Protein chains: 2
Amino acid sequence: MNRNTRPDVVTKAIEVLDELGLPDLTMRRLGAELGVRPSALYHHFPSKQALLAAVADELLDRAPWPAVGDWTTRTAATCHVLRDTLLAYRDGAELVATVHSFGLGARRPYELLVSTLAEGGVGPLAPTAARTLLHFVYGHAVDEQTHLQAAAAGAIGDDPLETGPRASEDFGVGLGIVIAGIQVMHAAQPAR
Amino acid sequence: MNRNTRPDVVTKAIEVLDELGLPDLTMRRLGAELGVRPSALYHHFPSKQALLAAVADELLDRAPWPAVGDWTTRTAATCHVLRDTLLAYRDGAELVATVHSFGLGARRPYELLVSTLAEGGVGPLAPTAARTLLHFVYGHAVDEQTHLQAAAAGAIGDDPLETGPRASEDFGVGLGIVIAGIQVMHAAQPAR
DNA sequence: ACCTGAACACCGTTCAAGT
DNA sequence: ACCTGAACACCGTTCAAGT
């Protein structure tokens with residue numbers, strides 16, 4: 001009898017995602033959780049993909065994005081915050097990576113990185129550099145979350161390189177590789 | 001009346017993938033294409049995921065992997081061959097990236113890169129460097145293929161940064177960033 | 001070894017109609 | 001504005017039984 005609003009649906013979707021995981025976040029399950037038929041959700045969103053995009057954007061809006069520092073430390077901080085955000089929700093990495101690659105949402109990290117790099121003087125390399133950083137962060141987070149859940153399910157003995165504190169170190173090393181590469185290619189660029 | 005063998009199934013699956021795309025590569029469709037009930041496929045593979053892993057491995061086995069050159073040019077060549085292979089089949093990038101991240105197959109590029117980097121003297125950084133390269137190549141190829149198909153469907157006007165020769169340049173620049181970063185971080189490593 | 005037949009337990013989406 | 005009821009056109013997987 002209490003009718004649902006669009007933000008209600010997104011909030012409940014995040015709960016279902018975190019408790020059941022992305023494969024169980026179905027229109028039918030989400031409808032049931034809201035006390036409503038699946039078809040009612042199509043009053044709020046034109047498709048499931050649009051719903052997932054709204055969920056991804058909401059997760060990213062909750063993140064404590066950094067605002068200060070020179071471009072290298074701010075870029076690194078942004079990537080660490082992004083990773084932490086993706087890992088903070090069950091299947092968060094896969095969800096956000098999918099939404100981003102379909103071009104339906106999750107644009108915030110890209111825009112933050114491009115403007116950080118542009119303000120840092122990286123210039124015309126900024127969009128390519130930002131995408132390279134995002135490919136690394138999403139890929140690493142998806143791998144880590146997949147192996148984390150495999151280990152939690154007991155299917156595989158903890159691979160220490162993919163789980164726990166070793167994964168954080170590994171993320172930092174990989175991120176260092178990409179940022180160092182941006183610095184080098186930027187310096188090798190003809191001046192403007 | 002002619003019964004199917006395991007390689008038959010993989011070969012037909014690649015045909016269906018390339019003609020219909022990954023969403024239409026269903027057990028039911030593939031069975032129909034082989035003149036067989038969907039349940040018959042479970043005699044050859046324990047699950048759809050196992051089938052997809054075999055398909056990904058077959059695609060990767062067909063690639064002309066490079067075998068010579070110093071580690072930087074050989075690494076670059078391996079990444080270019082991988083990208084070309086992924087883009088040579090409809091939805092090839094998404095298929096191989098998914099299989100790889102689930103840990104069920106598609107291990108060949110990782111092994112090639114690790115041994116190339118190790119022989120190049122990159123030492124303990126090799127596994128992390130290889131994964132960073134793969135995150136970039138898979139992420140870039142998935143993006144490119146997604147936008148290519150969106151452009152082909154006419155939904156979006158060709159984004160020149162994501163399509164055509166500009167995409168190749170962009171891939172090369174991003175790859176240059178990662179390889180340069182590996183060189184820097186390797187040089188910054190304490191000697192062993 | 002390879003396949004059939006039939007079932008189980010689900011999906012996303014549409015659409016006329018209700019309040 | 002938000003939802004119901006009912007349908008459409010599908011999924012992956014299991015399992016006893018057939019050849």
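In the text below, chain A, chain B and the rest are named by the order of the sequence lines, each starting its count at 1. Only a predicted model underlies this, so the values are computations on that prediction, with no experimental measurement involved.
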query = What's the CZ-C1' distance between A/F45 and C/dG12, to the nearest Å?
reply = 16 Å
key: Test item: B/W71 and B/E119 side chains (from C-beta on) under 4.5 Å apart, heavy atoms   = no
ask   = Given atom CG of B/D8 and atom P of C/dC2, what is their separation to the nearest angstrom?
value = 10 Å
task = Establish, for the pair B/R131 and B/Y110, whether the NZ or CZ atom is under 6.0 angstrom from the six-membered ring centre and no further than 45 degrees off its axis.
result = no
ask   = Using purine N1 to pyrimidine N3 plus N6-O4 or O6-N4 for Watson-Crick, or N1-O2 and O6-N3 for G-U wobble, both under 3.5 Å, which nucleotide pairs with D/dA9?
value = none
request  = Could you check which of D/dG12, D/dT4, C/dG12 has an atom nearest any side-chain atom of A/R37?
outcome  = D/dT4
task = Measure the distance from CG on A/L30 to C1' on D/dC2 and round it to the nearest whole Å.
result = 15 Å
query = Can you tell me if CZ on B/R62 sees more than 12 non-hydrogen neighbours from other groups inside 6.0 Å?
reply = yes
message = By the 4.0 Å heavy-atom rule, please label A/S39 as base, sugar-phosphate, or nothing.
response = base
Spacing between B/Q49 atom CD and D/dT13 atom P, to the nearest angstrom = 8 Å
key: Whole-Å gap separating P (D/dT13) and NZ (B/K48)   = 8 Å
Euclidean distance, atom NE2 of residue B/H44 to atom P of D/dT14 [Å, nearest integer] = 16 Å
task = Check the distance between C/dC15's P and A/Y42's OH and give it to me in whole angstrom.
result = 12 Å
inquiry  = When the P atoms of C/dC8 and D/dA9 are compared, how many Å lie between them, rounded to an integer?
reply    = 22 Å
query = Looking just at side-chain N and O atoms, do B/D170 and A/T128 make a donor-acceptor pair shorter than 3.5 Å?
reply = yes
Euclidean distance, atom CZ of residue B/R3 to atom C1' of D/dT19 [Å, nearest integer] = 6 Å
key: Counterpart base for D/dA16, defined by Watson-Crick or G-U wobble contacts under 3.5 Å   = C/dT4
message = Between A/M27 and B/T5, which residue's closest nucleotide on DNA chain C lies nearer the 5′ terminus?
response = B/T5
